[in-house]
> 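Quick one: the structure is below, and I'll ask about it shortly.
Below, chains carry the letters A, B, ... as their sequence lines are ordered, and counting in each starts from 1.
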Protein chains: 2
Amino acid sequence: MPASSSKINMADVARRAGVSMATASRALANHPHVAAATRARVLAAAEALSYVVSPEASRLAGGATDRVGVVVPHISRWFFAAMLDGLESVLRDADLDVLLYHVGDATDRHNFFRRLPARRKVDALVVLGMPVDDPERERLELMGVHIVAAGGQIERYPCVSIDDLAAGRQAVDHLVFLGHRRIGMIATLDPAQPDWPATPGRGRAYHAALTDAGIPIDPALTVTVPWGGVNGADAMSRLLSLREPPTAVYAHSDEVAFGAVRTLRRAGLRIPEDISVVGIDDHPLAELADLTTVAQPVRRQGELAGRMVLSLLSGEATGDGITVPTRLVIRGSTAPPSRG
Amino acid sequence: MPASSSKINMADVARRAGVSMATASRALANHPHVAAATRARVLAAAEALSYVVSPEASRLAGGATDRVGVVVPHISRWFFAAMLDGLESVLRDADLDVLLYHVGDATDRHNFFRRLPARRKVDALVVLGMPVDDPERERLELMGVHIVAAGGQIERYPCVSIDDLAAGRQAVDHLVFLGHRRIGMIATLDPAQPDWPATPGRGRAYHAALTDAGIPIDPALTVTVPWGGVNGADAMSRLLSLREPPTAVYAHSDEVAFGAVRTLRRAGLRIPEDISVVGIDDHPLAELADLTTVAQPVRRQGELAGRMVLSLLSGEATGDGITVPTRLVIRGSTAPPSRG
DNA sequence: CTCCGCTTTGGAAGCGTTTCCGGAGGTCCA
DNA sequence: TGGACCTCCGGAAACGCTTCCAAAGCGGAG
């Protein structure tokens, strides 16, 4: 039992390599101005002793934490989980640890931003699908914490996301193209941030598409509900109870569309013969449900956000943001309306 | 601009409170043998200076990291994400930070366990739905890292999970009770750990239930596929191509069942009139899909795992594990067979 | 041949806590 | 009244690293 295994430190490595601690530190940290041979000797010694630098000591002495925080409003939603997946893979490959923070409502968020930077726990922060206001941002930058946004429509920060307006247009234009003129919309809002419409672009797209097609906008055809499948089902019920129900429905997200489909099926309506349904996201189950949708590369967005963090940490300037493309995926839930 | 705000340390607090650093440290850490008045004075000083102890320094000097790691085989699957959600909420309430590690195949896992404990990055580790072998466990315990398992069938470690055998029986017994005698099973395996059947209990349940009901077991009625919706669809196709297809299907998880449903619908079969389908998990979309399933409290399991970590960290002994109950949820995807 | 400047290395001063050790004062009982 | 013991507190030594400052070695320009 190598009882020493837990006590070896950089001094041991330095001794074994026949150099000073200063040199050992430089070699291990890949600093310049270390002779190749020396560096190799140090690395070999470290390997032999299976030595790893103590993150705490390193950080205390001025190094980086090698940790990045991720702030998520809803951990268990597919969208965020998939994003997190991509993000984590990139960060892990770069030997960075991922600290996960769930931040629900505005109060949570406020507390979070107040406490986190206190003693730098992370080198960078990735904020998924929620806003960051100026004071918060300033505070973080002051403490040397970089910040990247993803999956939201945050304009003022380095950010990777889709173009919600374009995505929405792909969905609604598809319905218009099929000949629908009475098109319902199920918009969603985040229950945790009720005052902040989750995806305003998707709503604007609806109006723009109808206007462009010369279709008058009937406010009764828009229903806004908190995100979620059952709420989507409720929304659809409301739409069905209209004197003149829509012949097609545009849901802001696939999960909501699934709910709508349930309602329609229970009402005995056939999809797409009696009514068309289109969603956004391309949730993995959308394929199984045969749902027409607008696909967005979710995991990829997480990866890109990770890359962004990496370049930020390495001092490179990043562009102001990346917009990833979306793509209409036509499946069996949409068809021309049966009657004019 | 309080330029000093980022430089205040415990010495400042101690000075302001008129005590030594030793006392300040004890007061802040809630140690005994500190006069109440003194403690109050220190706390007030800390508050006034909005001081927070440096985790790095604290750890370096012998404290805890106040971090716990979570190891997950698949971040974006609902099951793991939901578990993570519950876990994070408990841990965050206890002021512990959550480090997220995605570990895919066996190689990943090996590397992970080799590297992690090197320099204690965490006080405890929660392993979600994957095995931990004895050497790994020993190593961790040696380094003072506690370990808790969840969502798996790991018997030898403090662990929270459902009883897979019981859950499977609830599903299959239900089909038997309805009068089905020709029951198919879609079993899954984890693509990342092909040699380690994901949920052996669910398979055993099938055999036990049929045997108890005096139904002979036809190996052709069992199809094993990698986890996932599309694979579930494939499996169902294979089952349908049998000379004598089943009148009911038991899928090891809801996502897989969704795939099966798709295949059945495409084949023009009605559910439940022509064929019954039952899953396990009670995925949020199962309700929308009207799928009969066996519900398990996923988020709750995460919370319980979190509590377990908490008591482990506070030195309390935990029982060897917690088994949470499952519950059959009968929806519209199951019914008696149409013909004997 | 000397001086300048560059690369490479070592010494040592922190970084901000925790905790061991010891001392001061007070209480309680014989 | 004199220990024995306990509570409360301060001094100072770690903890393991990074980096500033200097110094040593060496090549080439003048």
> A side-chain contact here means heavy atoms from C-beta on lying under 4.5 Å apart; do A:Asp66 and A:Asp95 qualify?
no
> Run the side-chain contact (heavy atoms from CB on, under 4.5 Å) test on A:Asn30 and A:Arg39 for me, step by step, so that the C-alpha distance in whole Å, both residues' side-chain angles and the decisive distance to 0.1 Å come before the verdict.
CA-CA 8 Å; A:Asn30 238 321; A:Arg39 184 192 311 281; 3.4 Å; yes
> Given atom CG of B:Asp66 and atom C1' of C:dG16, what is their separation to the nearest angstrom?
16 Å
> Would you mind reading off the distance between A:Met10 atom CE and C:dC15 atom P, rounded to a whole angstrom?
19 Å
> Report yes or no: does A:Asp134 contribute a side-chain atom to a donor-acceptor pair with the main-chain N or O of A:Arg137 at less than 3.5 Å?
no
> Which heavy-atom pair separates A:Ala17 from A:Ala45 by the least distance, and what is that distance?
CB-CB, 4.0 Å
> Considering residues at least two apart in sequence or located in another chain, which fulfil the side chain to side chain contact (heavy atoms under 4.5 Å, CB included) criterion with A:Ala40?
none
> Taking for each residue the nucleotide of DNA chain D bearing the nearest heavy atom, is the 5' side occupied by B:Gly18 or by A:Leu60?
B:Gly18
> Rounded to whole Å, how long is the line connecting atom CZ of A:Arg59 with atom P of C:dG14?
18 Å
> Rounding to 10 degrees, work out the angle separating the end axes of the helix from C:dC1-D:dG30 to C:dA30-D:dT1 (five pairs an end).
40°
> Would you call A:Tyr51 and A:Val53 a side-chain contact if the rule is heavy atoms closer than 4.5 Å?
yes
> Listed in order of residue number, which residues of residues 19-35 of chain B have a non-hydrogen atom at under 4.0 Å from DNA chain D?
B:Val19, B:Ser20, B:Ala22, B:Thr23, B:Arg26, B:His33, B:Val34, B:Ala35
> If you define the side chain from C-beta out and look only at heavy atoms, does anything of A:Val309 sit under 4.5 Å from A:His146?
no
> Looking only at non-hydrogen atoms, find the nearest pair between A:Glu56 and B:Pro55 and report the distance.
OE1-O, 4.5 Å
> Is there a side-chain contact between A:Thr38 and the phosphate of C:dT9, meaning an N or O under 4.0 Å from OP1 or OP2?
yes
> I need the CG-C1' distance between A:Asn9 and D:dC15, as an integer number of Å.
10 Å
